[in-house]
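In what follows, every heavy atom counts, from backbone to side chain, and hydrogens, waters and symmetry copies are set aside.
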Amino acid sequence: MDIIGSGILTGILHAISQSLLIPVIIILILFVIFALISVGGLIAEYTSRKKIQIRRK
C-alpha cells in the first residue's frame, strides 16, 4: 500500500540530497586542510619554543 505522491516526494528528496553531496564534501575537505595547517602551526610553535628553552640552559 503506497501513499499517494510518495514517489514524487522520494524523487525530490533524492535530488536534493544528491545536489548537496558535492558542496558538503568540498567543505569537509576545506575543514581537513584547515585542521592540518593548524596542527602544523602548533607543531612549529612547539618546536620553536623547545629550541629557545634549550638555548637558554
Side-chain angles (χ1 to χ4, degrees):
M1 184 168 146
D2 288 333
I3 299 173
I4 299 172
S6 66
I8 296 171
L9 182 60
T10 302
I12 291 171
L13 289 175
H14 181 71
I16 291 172
S17 66
Q18 290 299 313
S19 66
L20 291 176
L21 184 64
I22 300 298
V24 168
I25 290 174
I26 291 171
I27 290 171
L28 287 174
I29 289 172
L30 291 175
F31 280 145
V32 167
I33 291 170
F34 176 74
L36 290 174
I37 291 171
S38 295
V39 169
L42 178 71
I43 292 171
E45 185 73 25
Y46 175 74
T47 56
S48 69
R49 288 181 185 223
K50 191 173 180 181
K51 288 178 185 177
I52 291 172
Q53 290 176 355
I54 290 173
R55 289 180 186 166
R56 287 185 175 182
K57 289 183 179 180

(Q) How long is the straight-line distance from CD1 of I12 back to CD1 of I8, given to the nearest 0.5 Å? (A) 7.0 Å

**Q.** CD1 on I22 to CD1 on I27, rounded to 0.5 Å
**A.** 12.0 Å

**Q.** side chain to side chain contact (heavy atoms under 4.5 Å, CB included) partners of L21, counting only residues at least two apart
**A.** Q18, I25

**Q.** Residue of the set V32, V24, I26 for which side chain to side chain contact (heavy atoms under 4.5 Å, CB included) holds with L28
**A.** V24

Q: Test V39 against every option in L36, I37, I43 by the side chain to side chain contact (heavy atoms under 4.5 Å, CB included) rule and name the one that passes.
A: I43

Q) Does anything in residues 33-46 pair up under side chain to side chain donor-acceptor pair (under 3.5 Å), and if so which pairs, sequence neighbours excluded? A) E45-R49

Q: Please list all pairs passing the salt bridge (charged side-chain N to carboxylate O under 4.0 Å, His left out) test where one or both residues lie in residues 10-19, with sequence neighbours left out.
A: none

